[in-house]
Amino acid sequence: MKLKKKSLKDLLTFYKEVSTISQIEGLIGWDLNVNLPPEAATTRAQHSAFLTKLSAEKWKDEKISNLLKNAETDAATLEEKAIVRNLKKAAKYYTQVPEEIIVKFSKVTSEAFMAWNKAKQDSRYSDFEPFLKEIIEINKIIAKHLGYKNDPYDALLDLYEPGLTAKQCRKYFKELQPTLSNLVNKITKSKNYPKALPFIGPNYYYPPEDQKQLSLFALRKIGYDLQAGRLDPSPHPFTISLGFGDVRVTTKYTESDFRDALTSTIHEGGHALYEQGVDENYVATPLEGGVSLGIHESQSRFWENQVGRNRSFLKFLMPVLQTLYSTQLGSADLDQIELLFNYVKPGFIRIEADEVTYTLHIILRFELEHALINGELSTKDLPRAWNEKMKKYLGIVPPSDDLGVLQDVHWAYGSFGYFPTYSLGNLYAAQFTHAMSKEIDIQKALDEANFAVILSWWRENVHKYGSLYYPNELINRVTGEELSTKYYLSYITKKFKGIYKI
Ligand code: MG
């Protein structure tokens, strides 16, 4: 990218340094999850801590705040202004939150992660509670330093989804919850609702090597560039961008259920397509990656749910499935496979939830963490509040903490304000898709397995911009309106009423 003003050129030079550090951090993080020998954990933690410190020092350098001030005056074009805005936002955390708080937070969360792991294994929340209490107190302090108008939770949300507020979340969730709960009820009480599913479970074996072939097939088919990325197994699937030409995805092979790896690979593939599709002019600038977690999740969920779990896609996939798994799936028909990928059932675990119940898990977490940050709920009372909300929204109560309040790692990592972005992704995806449908015949593209036409729409309307537009600007630009729940509600209702014939 060509920039004329010296302040902006210098700023870009600084960005290249910090982004190189963070890409190296990313690479050793990828290695930690994919390859690390068990004995190497301590050494690796030292590498990671060294790089974090190095990068914090660079961000805190007074020269950078002066440079940012000058660049802000000098920025004239849309791109220059976005570069300054993105770097100012990134610097805010390091300049406004005192160093001792950042260090303390990092120490407490690494201890909390280990405590959480153990507490989850033992299913004993009380062992994790003191750590959680401290993490919440530090989060409140961080929110105070970052600044907010009405609600400390807003300062935390803004770290993950620029501009998002608790008030907006409450509005979206109030609109979503009754329809979703009602839909779950109707589905599970419908005439043909199956109590159990065929083709999966302890009597079935799907060799990981076959699942890998299927995952690679799906990735290629949706347009992921394997020359600029790779697929590996890891305990928790993720996507990581390590700079130009290197966007990696991971997946997890469950031997008794062939769906897990396929859907999570397509999900991560959606994240990766976004990163691989950013304008090449933005490489090595603060515009080079996806703009927010919510927009990122719109991409992963679009490919996972609206493509991967779509009847036409599954029809296209049937011959591949039945060749690869001839003994396991040889007798399956399309209706059974469609139901298998779209089975709705209230469960305890968020990451195993279907498309309809998923958002209800998020609403529960949002309400609880908002109350914790605002001092309306104590960590002592959290498991009770968790179970009450499970009963209210999903009609079931977890029998133990590991299936309830201890299931997610987010709070142990110190991440408050992260969960809502998962649901936002669904809303963005449905609203973008509505705009897409005015320009291309999506059903026809799916029927013909012509994913290139769909990908090129995303490239042109979302991917290429990287972090140029903030999420609210992007959704307005592409769809002509503010983010709304109506497109998602209409998508989900129509899809599942169709599948369950209600
Ligand atoms: Mg994701």
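Read the numbers this way: they start at 1 and go in the same order the structure lists the ligands and their atoms. Everything numeric in this text was worked out from a predicted model, so none of it was measured.
- Nearby protein atoms of type N, O or S around the Mg ion (ligand 1) amount to 3 (distance under 2.8 Å).
- The aromatic rings of F128 and F131 lie parallel to each other, their planes meeting at an angle below 30°, with 60° marking the opposite boundary.
- Using a cutoff of 4.0 Å between basic side-chain nitrogens and carboxylate oxygens, E473 and R477 are not scored as salt-bridged.
- Ring geometry for Y422 against H410 counts as perpendicular: the plane angle is over 60°, on a 0 to 90° scale with 30° as the lower cut.
- Separation of the Y325 and F258 ring centroids falls under the 6.0 Å cut-off.
- Between F432 and W458, a ring centre-to-centre spacing shorter than 6.0 Å is recorded.
- Y282 and E79 are linked by a side-chain donor-acceptor pair at a separation below 3.5 angstrom, with hydrogens and angles left out of the test.
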